[in-house]
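Worksheet: one structure, shown below.
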Amino acid sequence: MAAKDDKKLPAPKREKPLYSKDEATVIFVLGGPGAGKGTQCAKLVEDYGFKHLSAGDLLREEQDRPGSEFGDLIKSYIADGKIVPMEVTVQLLENAMRASIDSGNNKFLIDGFPRKMDQAVAFEETVVPSSFTLFFDCPEDVMEKRLLNRGKTSGRADDNIESIKKRFRTFIETSMPVVDHFEAEGRVVKIKATRPPEEVYKDVQASFASRGIRANK
Ligand code: ADP
Ligand code: C5P
Ligand code: MG
């Protein structure tokens with residue numbers, strides 16, 4: 001048996017965030033599964049030059065990375081629609097942000113994150129405080145139709161009705177409290193997400209303009 005002193009100590013908690021708001025601009029993008037987060041982020045990347053980081057995409061990449069120690073864990077959490085322990089996701093985001101900043105882009109849309117209060121607190125305390133949260137508001141019946149349709153071609157293991165129901169439950173129980181928390185602080189821009197993508201995007205652009213965020217083109 002290993003002596004007590006052999007145990008690995010947890011990494012020391014940072015005294016302050018890794019980046020200041022001048023060094024990295026972060027907009028969180030939230031909304032239920034299928035609300036259209038990825039679709040809207042793609043448009044914003046095109047017009048505003050943001051770097052888009054989807055927490056779900058980063059987790060799927062890590063799951064598929066040969067030799068990843070977290071592959072099996074991520075797979076089972078995603079199939080169950082549960083939130084992967086935040087240490088994994090925060091680290092993946094931090095790594096991706098560092099790489100982007102090193103190559104000259106420090107403006108981020110962080111999509112599908114934070115999905116749980118502990119992620120929100122850890123990220124803002126140890127990586128960078130967010131500017132605000134863009135929240136896409138969409139009823140479940142609309143999201144369900146979109147996800148089942150996406151499932152015909154997405155190849156995603158969780159775009160099936162059993163996983164979708166679990167994801168909706170997690171969204172209501174675990175992720176909406178994060179939106180409510182930011183909203184109570186006046187840090188949420190809420191967009192109705194039921195209309196066609198171009199119409200939703202017009203509202204996004206108007207909300208960005210009112211915050212002084214300008215398109216590159
Ligand atoms: P999320 O990233 O929030 O899960 P996606 O952007 O992947 O959502 O969109 C889910 C599905 O719905 C995709 O197939 C997408 O093409 C479609 N979709 C996205 N936005 C809209 C919209 N405003 N109206 C109709 N379909 C949409
Ligand atoms: O955002 P997306 O739909 O791609 O997320 C897919 C899954 O990835 C979620 O249902 C969840 O299991 C996991 N995830 C997570 N923590 C996040 C984002 C996604 O655990 N912040
Ligand atoms: Mg998405």
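In listed order, ligands and their atoms are each counted from 1. Just so we're clear, the structure is a prediction, and the values are computed from it rather than from any experiment. All residue numbers refer to positions in the sequence shown, counting from 1.
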Inspect the contact between D57 and R60 and indicate whether a charged nitrogen and a carboxylate oxygen are less than 4.0 angstrom apart. yes
Give a yes or no on this: more than 12 heavy atoms of other residues, nucleotides or ligands lie within 6.0 Å of atom [atom1] of [X].
X	atom1	result
D102	CG	yes
K166	NZ	yes
E173	CD	yes
K192	NZ	no
R169	CZ	no

Name the closest protein heavy atom to [atom], giving the residue it belongs to and the distance to 0.1 Å.
atom	value
atom 11 (C) of ligand 2	K82 O, 3.3 Å
atom 9 (C) of ligand 2	R115 NH2, 3.5 Å
atom 13 (C) of ligand 2	L59 CD1, 3.8 Å
atom 7 (C) of ligand 2	I78 CG1, 4.0 Å

For ligand 2, which atoms have a heavy atom of [X] less than 4.0 angstrom away?
X	value
Q119	16 (N), 21 (N)
G112	17 (C), 18 (C), 21 (N)
V84	15 (C), 20 (O)
I83	16 (N), 20 (O)

With respect to [X], determine whether any N or O atom, backbone or side chain, lies less than 3.5 Å from an N or O atom of ligand 2.
X	result
G56	no
D57	no
A55	no
D158	no
R156	yes

Walk me through it: do D47 and Y201 pass the test side chain to side chain donor-acceptor pair (under 3.5 Å)? CA-CA 11 Å; D47 293 340; Y201 188 55; 2.6 Å; yes
Is it the case that K190 places NZ or CZ above or below the six-membered ring of F135, under 6.0 angstrom from the centre and within 45 degrees of the axis? no
K82 to Y77 six-membered ring, cation-pi geometry met (6.0 Å, 45°): yes
Could you give me the CA-CA distance, side-chain angles and deciding distance for E124 and S130, then say whether side chain to side chain donor-acceptor pair (under 3.5 Å) is met? CA-CA 7 Å; E124 293 206 304; S130 65; 2.7 Å; yes
Intermediate values then yes/no, salt bridge (charged side-chain N to carboxylate O under 4.0 Å, His left out), E125 and R14: CA-CA 8 Å; E125 282 185 3; R14 281 190 198 114; over 6 Å; no
Could you list each N/O atom of ligand 1 together with any protein N/O atom closer than 3.5 Å, one pair per line with the distance?
{"unit_1": "ligand 1", "atom_1": "2 (O)", "unit_2": "G38", "atom_2": "N", "d": "3.0"}
{"unit_1": "ligand 1", "atom_1": "3 (O)", "unit_2": "A35", "atom_2": "N", "d": "3.3"}
{"unit_1": "ligand 1", "atom_1": "3 (O)", "unit_2": "G36", "atom_2": "N", "d": "3.0"}
{"unit_1": "ligand 1", "atom_1": "3 (O)", "unit_2": "K37", "atom_2": "N", "d": "2.8"}
{"unit_1": "ligand 1", "atom_1": "3 (O)", "unit_2": "K37", "atom_2": "NZ", "d": "2.8"}
{"unit_1": "ligand 1", "atom_1": "4 (O)", "unit_2": "G34", "atom_2": "N", "d": "2.9"}
{"unit_1": "ligand 1", "atom_1": "4 (O)", "unit_2": "R150", "atom_2": "NH1", "d": "3.2"}
{"unit_1": "ligand 1", "atom_1": "6 (O)", "unit_2": "G38", "atom_2": "N", "d": "3.4"}
{"unit_1": "ligand 1", "atom_1": "6 (O)", "unit_2": "T39", "atom_2": "N", "d": "2.9"}
{"unit_1": "ligand 1", "atom_1": "6 (O)", "unit_2": "T39", "atom_2": "OG1", "d": "2.5"}
{"unit_1": "ligand 1", "atom_1": "7 (O)", "unit_2": "R150", "atom_2": "NH1", "d": "2.7"}
{"unit_1": "ligand 1", "atom_1": "8 (O)", "unit_2": "G36", "atom_2": "N", "d": "3.2"}
{"unit_1": "ligand 1", "atom_1": "23 (N)", "unit_2": "R146", "atom_2": "NH2", "d": "3.4"}
{"unit_1": "ligand 1", "atom_1": "23 (N)", "unit_2": "R195", "atom_2": "O", "d": "2.8"}
{"unit_1": "ligand 1", "atom_1": "23 (N)", "unit_2": "P197", "atom_2": "N", "d": "3.3"}
{"unit_1": "ligand 1", "atom_1": "24 (N)", "unit_2": "R146", "atom_2": "NH2", "d": "3.2"}

Does ligand 2 have any atom sitting under 4.0 Å from a heavy atom of K37? no
Can you find a non-hydrogen atom of R60 under 4.0 Å from ligand 2? yes
Should V204 and Y48 be marked as a side-chain contact (heavy atoms from CB on, under 4.5 Å) after you check the CA-CA gap, both sets of side-chain angles, and the distance that decides it? CA-CA 12 Å; V204 173; Y48 293 78; over 6 Å; no
Is the F28 to F123 ring centre distance short of 6.0 Å? yes
